[in-house]
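Note that the structure is a prediction, hence the values are computed from the model and not measured. Proteins come first, then strands; the chains are lettered A, B, ... in the order of their sequence lines, and each starts at number 1.
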There are 2 protein chains.
Amino acid sequence: MQKQHLFDCHQRIEPFIHETPVLSSQLINTVVGTVIFFKCENFQRMGAFKMRGATNAIMQLGDEQKQKGVVTHSSGNFAQAVSLAAKSLGIPAYIVMPSNAPEVKRNAVADYDGKITLCDATLKARENAAQKIVEEKGATFIHPSNDMDVILGNATAAMELLKDQPDLDYIFTPVGGGGLIAGTALAAHHFGKNCKVIGGEPMEADDAYRSLQSGKIEENKSANTIADGLRTTLGNINFPIIQQYVEKIILVSEEEIVTAMKLIWERMKIIVEPSSAVALAAVIGEKEELQNKRIGIIISGGNVDLKNLPF
Amino acid sequence: MQKQHLFDCHQRIEPFIHETPVLSSQLINTVVGTVIFFKCENFQRMGAFKMRGATNAIMQLGDEQKQKGVVTHSSGNFAQAVSLAAKSLGIPAYIVMPSNAPEVKRNAVADYDGKITLCDATLKARENAAQKIVEEKGATFIHPSNDMDVILGNATAAMELLKDQPDLDYIFTPVGGGGLIAGTALAAHHFGKNCKVIGGEPMEADDAYRSLQSGKIEENKSANTIADGLRTTLGNINFPIIQQYVEKIILVSEEEIVTAMKLIWERMKIIVEPSSAVALAAVIGEKEELQNKRIGIIISGGNVDLKNLPF
């Protein structure tokens, strides 16, 4: 992957995304003993970095593909991202969601004109429903994390962060399906000055940690984590990038995630989802080794169910 | 009050406060049918606009007064504001708090080195305890809202907002003790272009609404509102300013406050306290008359108890 690809990608999607702010908190810096720059993708359109990858993937389609639309299966942020990106670009989006998806998430997709197909809450049922739409409508399937155009789109968050703060020693991201950390690692490799990328992952969904140890893609044994965006597993496109460019992955407990989330909410007065707090929890877990370093954190998103908070 | 006083005040306190951001939300603009600029004092130091008034009032003291320190009685943001402002300026702060004040608020004051005196939870007990400190320590009492230096300090939030957005037709603020809206009205008078100031007030604590009608300061009959910062009443210094410069006051229900608060949290991904949502609730209540107007809202603060949310 060439540096130019990343430049081109950012230029392509720029009109359709927000350049989100980079925030700091003196209080959190004091608590952690280091300097942290938060790239606030919770302020991104539809509330998460996924808008970047979805927009890039859709824009890379040919004219005929665009006309027939796109399809994905997701109950979370990627469903909203594909719906809104497709709407912005004037093409149809078909979203397969499990029938037990919260009403708030179904409404969000519907608000962005996503055409919803409900299915059983198994991966198999989702894949079948999506495949059926591919066949019947001729729509193009877009994977939420294991797609090179999605990964490149996601990389633009770290590119903007490094434009704002060129001298970062580390960037931390959460690790779920691997699309954010793979893109971030490519951006840090091409645009950082020896900037290392570290992932934070819940102990309860530690597939990426174990995959890096074993050298092959491992499945999650459970996914019983509050960080609902991180319950998915790595894919064959992002895993080699992670192997090559990511420094390491740090596991954090559920308690550490909630503590970090509360710290951000109370001290920074911004709403971040539990998955975002995983990255700060990882920084706090490593704080002895990070004293006086300059650290970036990608705040992945801010879509939470206010009726169901962990405080 | 001359324009120059406001300039001087802003210049005086500038090194000790944050110039907070002005944010907008396309989604909220669409919902309300108007263009709203939120001046985000939830990102102010200690989390509320009160930092501005407290800082100015303390800086206006003489050297001997400064040495002996300041005292206030408050269970809320002003206690934290006086503590932090005094700490920044290197002088002692004595804070009288009711013994039933939440631990989180006592801890916040203690974190800023405020010296806490607990008393019974009545206004009389608070005033007596504060008076005792004035007599024993020679400390200067600072009122949270009925003090001209506090009012001028508060005015600087609207001054910054009007510097960023000079063509506002209206600025909305919440109304509690009257110190924020009085300062905002002075700022709009001197720095706006025919910019009108409107207050939002809970129906459950409607003293300012009734005071403007009767022409004299009325007491609250109840103060059973979620907007805990707005349970106080107007004073003889801010009331004449409000009478002269404030366009009107709009009453909002508890349900309207919670709806507006949820809208800000969900759509803007920022944490605001219920009192701040009162101003947006008032805008929504008047939206028919406000179509296509340019509106500023002072988001008063973001200090909430995450264990006790109204969602």
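For the residue pair A/Lys269 / B/Asn303, a side-chain donor-acceptor distance below 3.5 Å is found, with atom types taken as modelled.
At a 4.5 Å heavy-atom cutoff, B/Asn308 makes no contact with chain A through either its backbone or its side chain. Within the 4.5 angstrom heavy-atom criterion, no atom of A/Asp305 approaches chain B. Neither the backbone nor the side chain of A/Arg45 comes within less than 4.5 Å of any heavy atom of chain B. Looking at A/Leu23, there are no atoms closer than 4.5 Å to chain B (heavy atoms on both sides), in backbone or side chain.
For the atom pair B/Asn154 CG and B/Lys50 NZ, the distance stands at 7.0 Å (nearest 0.5 Å).
The backbone N or O of B/Phe16 sits nowhere less than 3.5 Å from a side-chain atom of B/Ser88 that would complete a donor-acceptor pair. Proximity of a side-chain donor or acceptor of B/Ser24 to a complementary backbone N or O of B/Phe37 within less than 3.5 Å is not detected.
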